[in-house]
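Here's the structure, in structure tokens; my notes come after.
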Amino acid sequence: MGRGRVELKRIENKINRQVTFAKRRNGVLKKAYELSVLCDAEVALIIFSNRGKLYEFCSSSSMIKTLERYQKCNYGGPETNVSTREALELSSQHEYLKLKARYEALQRSQRNLLGEDLGPLSSKELDSLERQLDSSLKQIRSMRTQNMLDQLTDLQRKEHLLNEANETLKQRLMEGYQVNSLQLNPNPEDVGYGGQPTHQPQGDGFYHPLECEPTLQIGYQHDPTLVVTAGLSVNNYMTGWLP
């Protein structure tokens with residue numbers, strides 16, 4: 001069953017219009033290339049999209065030479081009084097168009113890598129895009145693994161340095177503890193039983209306990225046989241105080 005005839009009118013749907021443009025543009029470029037190869041013809045094709053993007057194909061090495069040949073065949077020979085400035089402007093314009101086309105091709109390739117505008121691509125182009133993505137993914141994974149290994153090596157080196165610093169501090173602490181122990185106990189022979197020093201200092205102010213009765217009475221000793229009369233004597237002395 002053959003395909004139905006397509007009505008030649010402007011496609012109103014924007015997405016369908018872009019898809020149709022891309023497919024038919026690729027088909028025209030492919031036909032131009034096949035024509036130049038099969039028939040050994042000099043083919044030049046220029047396409048401008050509705051957005052002003054340029055798509056071109058030229059079977060020869062220079063589009064300018066092909067256009068000059070076209071101008072010579074259609075309008076006669078080129079004018080001999082064309083200035084060098086105009087020639088440079090034409091060359092610059094052509095170079096600009098080539099760079100613009102290259103820029104648009106790179107943008108299209110970038111969109112394809114992001115998964116956009118894949119409808120116009122053929123099966124071979126999709127396979128090539130898939131291989132390119134797989135290669136990029138392998139390189140990314142390899143780079144990530146290398147970065148992780150480098151970070152691990154750096155962390156191990158830092159751990160080794162910290163362990164060495166810890167051992168150094170530990171050794172210094174032990175040395176300081178031994179020095180403090182020697183300062184507190186300079187001679188083990190001077191220390192008696194129970195950690196008390198065997199020799200006690202003696203001096204003029206050393207306290208010696210006095211041997212006396214436990215009860216100290218100032219004045220006189222109480223005699224229970226004496227009877228103290230109440231009141232004062234004639235001499236105003238208390239009886240019992242005089243010998």
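Just so it is clear, the values below take in all heavy atoms, side chains as well, and ignore hydrogens, waters and symmetry mates.
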Under 3.5 Å, side-chain donor or acceptor atoms of residues 91-98 against the rest of the protein: list the pairs with distances, not counting sequence neighbours.
unit_1: Ser92; atom_1: OG; unit_2: Leu88; atom_2: O; d: 2.8

Distance-only donor-acceptor hits, side chain of residues 26-36, under 3.5 Å, sequence neighbours excluded:
unit_1: Asn26; atom_1: ND2; unit_2: Ala22; atom_2: O; d: 3.1
unit_1: Ser36; atom_1: OG; unit_2: Ala32; atom_2: O; d: 3.4
unit_1: Ser36; atom_1: OG; unit_2: Tyr33; atom_2: O; d: 2.6

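- Proximity of Gln18 to Arg51: side-chain heavy atoms (C-beta onward) are separated by under 4.5 Å at one or more points.
- Every residue meeting the side-chain hydrogen bond (donor to acceptor under 3.5 Å, both in side chains) condition with Arg157, not counting sequence neighbours, appears here in chain and number order: Asp154.
- The main-chain N or O of Lys124 is never found under 3.5 Å from a side-chain atom of Ser128 such that the two would form a donor-acceptor pair.
- A continuous path of Ile, Leu, Val, Met, Phe, Trp and Tyr side chains, each step under 4.5 Å between heavy atoms, connects Tyr55 with Phe57, placing both in one hydrophobic cluster.
- In this structure, Ser109 contributes its side chain and Ala105 its backbone to no donor-acceptor pair below 3.5 Å.
- Remark: side-chain polar atoms of Ser136 are paired, donor with acceptor, to backbone N or O of Gln132 under 3.5 angstrom.
- Interatomic distance, NZ of Lys138 versus CD1 of Ile140, reported as 13.0 Å (0.5 Å rounding).
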* To do: Kindly determine whether Lys100 and Glu104 satisfy side chain to side chain contact (heavy atoms under 4.5 Å, CB included), including the steps that lead there.
  => CA-CA 6 Å; Lys100 184 178 180 181; Glu104 292 173 355; 3.5 Å; yes
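- Rounding to the nearest 0.5 Å gives a distance of 13.5 Å between NZ of Lys72 and NZ of Lys65.
- Residues Phe48 and Leu67 share a hydrophobic cluster, clusters being chains of Ile/Leu/Val/Met/Phe/Trp/Tyr side chains in contact below 4.5 Å.
- The hydrophobic clustering, which links ILVMFWY residues whose side-chain heavy atoms are closer than 4.5 Å, places Leu126 and Leu133 together.
- Taking both residues in full, the closest heavy atoms of Ser62 and Cys58 are given as O-SG, 3.7 Å, listed atom of the first, atom of the second, then distance.
- By the side chain to side chain contact (heavy atoms under 4.5 Å, CB included) test, Arg69 pairs with Glu42, Cys73, sequence neighbours left out.
- Phe21 and Leu54 end up in different hydrophobic clusters when Ile, Leu, Val, Met, Phe, Trp and Tyr side chains are linked at under 4.5 Å.
- Judged as a side chain to side chain contact (heavy atoms under 4.5 Å, CB included), and not counting sequence neighbours, the contacts of Arg10 are Glu12, Arg17.
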* To do: Before giving the answer on side chain to side chain contact (heavy atoms under 4.5 Å, CB included), spell out for Met63 and Ile46 the whole-Å C-alpha distance, their side-chain angles and the decisive distance to 0.1 Å.
  => CA-CA 10 Å; Met63 176 71 76; Ile46 300 175; 4.2 Å; yes
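- Put simply, the side chain of Leu118 reaches to within 4.5 Å of the side chain of Leu129, judged on heavy atoms.
- Remark: the His160 side chain and the Gln156 side chain contain no N/O donor-acceptor pair separated by less than 3.5 Å.
- Sorted by first and then second residue, the side-chain hydrogen bond (donor to acceptor under 3.5 Å, both in side chains) pairs involving residues 165-176 (not counting sequence neighbours) form an empty list.
- Heavy atoms from other residues, nucleotides or ligands lying under 6.0 Å from CG of Asp40 number 12 at most.
- Atoms CD and CG, from Glu159 and Leu161 in turn, are 10.0 Å apart once rounded to the nearest 0.5 Å.
- Proximity of Gln146 to Asp150: side-chain heavy atoms (C-beta onward) are separated by under 4.5 Å at one or more points.
- Counting non-hydrogen atoms of other residues, nucleotides and ligands closer than 6.0 Å to CG of Leu38 gives a total above 12.
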